[in-house]
There are 2 protein chains.
Amino acid sequence: MDAAAIREKLEATGLRCTPQRYTVMSFLMAHHDHPTAAEIFAAVNTADPRLSRATTYNNLRDLVEAGLVREVATEGRAARYDATGEQHHHFICDRCGKMEDIPWHPVPSPTANALGKRVVRECELIIRGLCTQCAPHRRTTPKPPTSKPSNHRSHN
Amino acid sequence: MDAAAIREKLEATGLRCTPQRYTVMSFLMAHHDHPTAAEIFAAVNTADPRLSRATTYNNLRDLVEAGLVREVATEGRAARYDATGEQHHHFICDRCGKMEDIPWHPVPSPTANALGKRVVRECELIIRGLCTQCAPHRRTTPKPPTSKPSNHRSHN
DNA sequence: ATGCCAACTTAGATTATGTCTAAGGTGAGA
DNA sequence: TCTCACCTTAGACATAATCTAAGTTGGCAT
Ligand SMILES: [Mn+2]
Ligand SMILES: [Mn+2]
Ligand SMILES: [Zn+2]
Ligand SMILES: [Zn+2]
């Protein structure tokens with residue numbers, strides 16, 4: 001994807017296309033290995049030191065809010081634990097961050113073709129949406145749940 | 001599950017059933033809301049202050065290693081980012097922690113019955129096992145990948 | 001053109017979470 | 001009874017993320 005396309009993508013969501021923001025977005029689109037904020041900062045800042053650490057975090061947050069980027073494999077900063085009883089799937093609420101158990105049902109593994117030489121141990125489903133608490137509020141007060149997760153940005 | 005059963009569970013894996021460890025395990029088995037280490041510490045320590053913060057973390061690590069407990073929704077401490085292109089699933093390597101994209105294929109959503117009033121937005125698969133790099137080593141040098149994730153405990 | 005102001009960037013302080021260290025306690029078995 | 005591996009602990013340390021307060025930029029109204 002070329003520079004103009006990225007600029008458009010950003011501006012379509014109401015974000016200014018600053019050099020810092022452009023570089024972060026561009027880096028993410030060029031690297032499919034799910035880099036961390038620290039990795040992005042290190043790589044980009046080395047090539048062009050016009051990007052600070054705080055701005056890396058700020059921009060990642062903006063891009064996630066804008067839906068151009070997503071955060072994977074973690075919801076909130078702290079690890080969460082689960083006494084391993086029966087196998088089950090998980091539901092994570094977009095609004096309040098709650099993680100709930102969903103009864104197990106087997107899911108189809110990808111084709112051997114898609115997996116290559118990888119060895120599969122388990123296949124679990126992460127379902128995202130609104131929990132029973134939050135679903136009714138969908139069209140009314142969609143504000144965060146008073147405390148815990150999903151920190152939204154006010155910027156200053 | 002009664003006290004004796006928990007004690008047996010622990011001792012079957014070679015772990016002593018100390019008051020601290022028993023309480024952590026028992027708490028986890030009684031609470032299905034995926035508590036964090038901090039939450040477990042706060043709850044248990046308030047009821048009976050014989051549990052320290054370090055021991056909470058030590059015991060959670062021991063229980064995870066023993067397979068009695070699992071850590072969910074995070075692999076490593078830092079958030080990882082993904083420019084949202086096409087929808088895809090993820091493969092996470094048990095050995096080196098690498099997170100790789102797996103081509104999308106639709107997965108069956110749980111029954112409406114299992115979901116209740118929850119509103120589903122997306123359904124993604126987390127596949128765990130050994131990546132192509134790590135799979136060949138399965139029966140040979142199974143040592144960790146030099147750095148990054150999967151910290152194992154030596155205890156002292 | 002000029003000035004304004006919200007959007008943006010920044011260094012550094014602060015908070016949150018997790019790990020390590022060094023010291024001491026405990027108990028199963030010789 | 002002695003011993004030693006297993007366990008617990010306070011507090012120091014490390015890392016990831018967020019906040020703060022100040023400065024910069026640039027689109028736009030005048
Ligand atoms: Mn669960
Ligand atoms: Mn991905
Ligand atoms: Zn919710
Ligand atoms: Zn691997």
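The sequence lines fix the lettering, A, B, ..., with proteins before strands; numbering per chain opens at 1. Here the structure is a predicted model, which means the values were calculated and not measured.
- Nearest heavy-atom pair, A:E39 versus A:P35, reported as atom, atom and distance to 0.1 Å: OE1-CA, 3.1 Å.
- Each of D:dC19, D:dT9, D:dC7 was ranked by its minimum atom distance to the side chain of A:R61; first place goes to D:dC19.
- Look at OH on A:Y22: it is 20 Å from C1' on D:dT25, rounded to the nearest Å.
- In this structure, A:T36 and B:S52 both approach DNA chain D, and ranking their closest nucleotides by distance from the 5' end singles out B:S52.
- Listed by chain and residue number, nothing satisfies the salt bridge (Lys or Arg N to Asp or Glu O under 4.0 Å) test with A:R16 (two or more places apart in sequence, or in another chain).
- Under 4.0 Å is where a charged nitrogen must lie from a carboxylate oxygen, and between B:E124 and A:R70 at least one such pair does.
- Between B:V119 and A:F91, the shortest heavy-atom contact is O-CZ, 4.0 Å.
- Between the side chain of A:R53 and the base of D:dT18, at least one donor-acceptor pair of N or O atoms lies under 3.5 Å.
- Among D:dC19, C:dC20, D:dT8, the nucleotide with an atom closest to any side-chain atom of B:Q20 is D:dT8.
- Relative to the side chain of A:L51, the nucleotides D:dC7, D:dA17, C:dT10 differ in distance, and C:dT10 lies closest.
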Please list each protein N or O that sits under 3.5 Å from an N or O in nucleotides 25-30 of chain C, with the distance.
none

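- Using a 4.0 Å cut-off between charged side-chain N and carboxylate O, A:E11 and A:R7 make a salt bridge.
- Among C:dC8, C:dT19, D:dC7, the nucleotide with an atom closest to any side-chain atom of B:Y57 is C:dT19.
- Looking at which nucleotide of DNA chain C each of A:Y81 and A:R50 is closest to, the 5′-most match is held by A:R50.
- Nucleic acid contact class of A:T55 (heavy atoms, under 4.0 Å, all strands): base.
- Picking from C:dC8, C:dG18, D:dT8 the nucleotide with the shortest atom distance to the side chain of B:N58 gives D:dT8.
- The distance from atom CZ of A:F41 to atom P of D:dT15 is 15 Å, rounded to the nearest whole Å.
- Within the 3.5 Å criterion, the main-chain N or O of A:R50 finds a donor-acceptor partner in the side chain of A:Q20.
- Listed nucleotides C:dC20, D:dT8, C:dC8 differ in distance to B:N59; the shortest reach to its side chain belongs to D:dT8.
- Note: CG (A:L60) to P (C:dC8) measures 14 Å, nearest angstrom.
- Side chain of A:D94 to main chain of A:L130: no donor-acceptor pair is present (N/O by atom type, distance under 3.5 Å, no hydrogens or angles).
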